[in-house]
There are 2 protein chains.
Amino acid sequence: MASPNTNQEKEGVVGRVLALPKVVKEKVLGISRLTKEIAQDDPRKVIHSVKVGLSISMVSLFYYYQPLYENFGLSAMWAVMTVVVVFEYTVGATLGKGLNRTIATFGAGALGVGAHHLASLSGATAEPILIGAFVFVLAAIASFIRFFPKVKARYDYGMLIFILTFSLISVSGFRDDEVLEMAHKRLSTIIIGGSACGMISIFVCPVWAGEEFHYSTANKLEILSNFLEAFVREYFKISKEGESEDNIGDSKDKAYLEGYKKVINSKSSDDSLVNFARWEPGHGKFKFRHPWDLYLQIGAFSRQCAYRMEALNAHLSSDIQGSLEIHCTIQELCLEMSLESSKALKELGSSIKTMTRSSSSNRHVANAKVIVKSLKSLFQSSSWNETDLLSLIPVVTVASLLIDIVEFTEKIADSVNDLSTLTHFRIEDIDKSPKPKPSQSSNCECIESSPKTDSLQLVILVEESMLALSESEKSNIV
Amino acid sequence: MASPNTNQEKEGVVGRVLALPKVVKEKVLGISRLTKEIAQDDPRKVIHSVKVGLSISMVSLFYYYQPLYENFGLSAMWAVMTVVVVFEYTVGATLGKGLNRTIATFGAGALGVGAHHLASLSGATAEPILIGAFVFVLAAIASFIRFFPKVKARYDYGMLIFILTFSLISVSGFRDDEVLEMAHKRLSTIIIGGSACGMISIFVCPVWAGEEFHYSTANKLEILSNFLEAFVREYFKISKEGESEDNIGDSKDKAYLEGYKKVINSKSSDDSLVNFARWEPGHGKFKFRHPWDLYLQIGAFSRQCAYRMEALNAHLSSDIQGSLEIHCTIQELCLEMSLESSKALKELGSSIKTMTRSSSSNRHVANAKVIVKSLKSLFQSSSWNETDLLSLIPVVTVASLLIDIVEFTEKIADSVNDLSTLTHFRIEDIDKSPKPKPSQSSNCECIESSPKTDSLQLVILVEESMLALSESEKSNIV
């Protein structure tokens, strides 16, 4: 009798062999699903692939046909190579790489011709030694310069091509005039390839890095706004009015609550987008020297908000929710404050997106600041003496994080205002009137102890204090 | 009489012209200072530059000399090109690029020869159309595949070279046997160049990405540890004993307090390092399949700590420091807790660095957890009834953030323990005895109200409760 172990082993091997077609099928299905996802998520990626295919086959056919071949000889290969290597997703990246390649080839070509001439003057024995020394020194210096942060960010590819062209030209065993011709041919084919790339990337369905950066900045603010909305709904156990299917709302909220993670890790993509955007000529609503630094600033403040949201999110999953009593007392204020921040962020996001100046975001920020004050005076009141501090900690921490977010929302609003002044955002004609009644109802168990009138009183209080809020009080906000 | 404006303008222009040499001199000085900084900061960067220079000039001279030239003809150029393009700072990046290039050239070469043969069979009119179609389809598909996240991370360069080689080979207007020879030559020169790079990067002063990642992970923990130390010193206004020059300590503390920023933005560098590390063969203490995922985990937890430190840092600069009374009451506990976390993190960092298992880090974590419990029971006591909540907020928030950090320190400790088990860290022979007296003295104005005996009592309490701390209590910690 076979032991159960051997049986299991046999079954395992047989099972694995039998499962092979299934595994392969699943792999294929997985890849096609991924393809579909990427294509649906951003159809421009499909267009980009078609563009690359088109431009490479075009340049290749030029190379294939004899007349051009006879003019440029083997150097025509460099045109194909340039297109393959230089064509990137965004216009800025393509132009940056193309310019880097062209200028580096020109500089290195000139230097290489010089080095070659100098070496050839020195006689047959000294020539290889001199050439070796030139290549060594140039390559070592250029490699070191690639470590300079500014060079690394913008001219890394240029330095690489510089080393490449210099060594290829200076070591080629040709006569001086041949070398000059080679350098000239290489430069012109690279210019042909590079300008083909530039043209196609600019004029056929262009993807502008600047535009991407613009919309991704606006998008970040909306993600933050959505998080705040979903957070207060989840933390204060509130459900949207008129929402029939809870599951759909729940899963949407869950996605919103995860959104801040995208913002937290956005620094490197911001840095590269701004880098590409600086290579781009003026296009659409963006001038050549668009104030991209302000976008970087808004991005940095957004990340500051996201760090706080990370901490808030941890409070959602923690079992200890603090005392119910305090929860209910500060609920209204925290809720209003978060919703005001959320509205302000959403307004700021859409203000960037549509490039219009909206005054309502400033009003929401002012409202939020007034509520911060009210919250603080509520904390100062003596009604807390009976509660122990431990049950206060989570609630107070959440409130303090939300107050922090209000502070950063204000900073974001300031940056967006600067941006709107510098880039002349359109001014909205019709000022939307504020909606005093949020479309949310509280399902909290303590709803009886905090009647709706409180909320209405608060709105009046907010409206009144708004007028009294002076700039000097800014510094008092934690 | 000239208006003051014109005068100013004139002075401005003259001043600028006169200042030109000074500006140039400053630029040059700035660059040389930067060079010196980079070289002193990491001398391996200088060595890397020399290595690149040496290998390029070596390969170039091979190309220059006739015998090799006659064998490979113009294709020998590809060896030079491969060295320039493939040689990267770390071994992993170099090997990754080299393997990508070799395999992609092989695959694309085979496909290109096939496509060329197929097209040439179809007659003179159909040939260019077929070739154009092949290149278009292959280039478009390969460009799209580059958007797949996994491919983008590891095989992006390979896909690029695949497109390049395929189009160059399939469009070359040669006869079939010539094309085969060309593909063969290109592949062998690329293998020559690639293996030259690989050899030099592995055997001449290698910079291993795995080792870099290992030490940068350990370094992150030390940065966090230093922050905590500096933070408590700054927040609770404590000065180190025996420190004669306050300025030096202050500037050091300031650097420590800024350190967390490096950790916050470490995700992209972690991702690329782990990516390179996976290409590397086993070396020194690192086997081929070293558990790099655990390092990623430790990095993620470190960033979680850093997000809290960002919030803590904001509390340092804020004017509102909360009530002095509470400050002093919780000071001892917060101080001890942070120092225990700090010690644990430092121990964990040096445990990773030296690859030794140390039990003292676990003890420090346990101590910190006990203090968290004490802090909570202190908060639960009724002594807070007289104080208003507003003055409590900053202090409570700081305490809560520090408690969060203790929690993440525990998670980091768990990950490091997993790492030490998986990679068989050495076990430390002599268990260092715990030092009950921290080498710090409090200069807080409330030192009279919390005498030293309190601190000693606490240490005893901690030692006692440590024995009573069970695993089930883990879940109670916020």
Side-chain angles (χ1 to χ4, degrees), chain A residues 34 38 45-46 48-50 52-54 56-57 60-61 63-64 69 74 77 80-81 84-85 128 131-132 135-137 139-140 143-144 147-148 160 163-164 167-168 171 173 265 267-268 304 307-308 310-311 314 318 320 376 379-380 382 384-385 388-390 392-394 396-397 400 404 478, chain B residues 34 38 45-46 48-50 52-54 56-57 60-61 63-64 69 74 77 80-81 84-85 128 131-132 135-137 139-140 143-144 147-148 160 163-164 167-168 171 173 265 267-268 304 307-308 310-311 314 318 320 376 379-380 382 384-385 388-390 392-394 396-397 400 404 478:
Chain A
L34 187 64
I38 293 174
K45 286 181 179 166
V46 181
H48 168 76
S49 309
V50 173
V52 174
L54 261 182
I56 293 175
S57 53
S60 298
L61 286 183
Y63 175 38
Y64 182 82
Y69 194 104
L74 267 172
M77 180 187 81
V80 180
M81 215 188 251
V84 175
V85 176
I131 284 182
V135 171
F136 171 74
V137 170
S143 299
F144 188 77
F147 286 117
F148 287 18
L160 187 77
I163 303 176
L164 180 66
S167 18
L168 282 186
V171 301
N265 293 321
K267 187 169 189 301
S268 57
Q304 293 282 357
Y307 300 149
R308 269 66 178 183
E310 164 79 48
S318 122
I320 305 159
K376 282 182 180 170
F379 281 141
Q380 244 164 340
S382 55
W384 309 103
N385 286 352
D388 71 296
L389 201 53
L390 187 63
L392 273 175
I393 293 180
V396 166
T397 309
S400 158
D404 273 9
V478 180
Chain B
L34 188 63
I38 293 173
K45 286 180 178 167
V46 181
H48 168 77
S49 310
V50 173
V52 173
L54 261 181
I56 294 175
S57 54
S60 299
L61 286 184
Y63 176 37
Y64 181 82
Y69 194 104
L74 267 173
M77 180 189 81
V80 180
M81 214 188 253
V84 175
V85 176
I131 284 181
V135 170
F136 171 74
V137 171
S143 298
F144 189 77
F147 286 118
F148 288 17
L160 187 78
I163 303 176
L164 180 65
S167 20
L168 282 187
V171 300
N265 293 321
K267 188 170 188 299
S268 58
Q304 293 282 358
Y307 299 150
R308 269 65 180 186
E310 165 78 48
S318 122
I320 305 160
K376 282 182 179 172
F379 280 141
Q380 244 165 339
S382 54
W384 310 103
N385 285 353
D388 71 296
L389 201 53
L390 187 63
L392 273 175
I393 293 180
V396 165
T397 309
S400 158
D404 272 8
V478 180

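Chain letters run A, B, ... following the sequence lines, proteins first, then strands; residues in each count from 1.
- Contact annotation: the side chain of B:Ile131 never approaches that of A:Ser60 to less than 4.5 Å [non-hydrogen atoms, C-beta and beyond].
- Between chain A and the residues B:Ala311, B:Ala140, B:Ser167, the largest count of heavy-atom pairs under 4.5 Å involves B:Ala140.
- Residues that satisfy the side-chain hydrogen bond (donor to acceptor under 3.5 Å, both in side chains) test with A:Lys45, not counting sequence neighbours, are absent from this structure.
- Classification of the A:Phe147-B:His48 ring pair by plane angle, with boundaries at 30° and 60°, yields perpendicular.
- Within the 4.5 angstrom heavy-atom criterion, no atom of A:Val137 approaches chain B.
- With sequence neighbours excluded, the residues forming a side-chain contact (heavy atoms from CB on, under 4.5 Å) with A:Phe136 are B:Val50, B:Leu54, B:Ser57, listed by chain and number.
- Interface check for chain A: of the options B:Leu34, B:Leu168, B:Val85, B:Val80, the most heavy-atom pairs under 4.5 Å are formed by B:Leu168.
- Put simply, the side chain of B:Arg308 reaches to within 4.5 Å of the side chain of A:Glu310, judged on heavy atoms.
- Heavy-atom minimum distance, A:Gly53 versus B:Ala139: CA-CB, 3.8 Å.
- Listed options B:Val84, B:Val52, B:Ile163 were ranked by heavy-atom pairs under 4.5 angstrom with chain A; first place goes to B:Val84.
- At least one side-chain heavy atom of A:Phe144 sits under 4.5 Å from a side-chain heavy atom of B:Ile38.
- A donor-acceptor pair shorter than 3.5 Å cannot be found between the side chains of A:Ser49 and B:Ser143.
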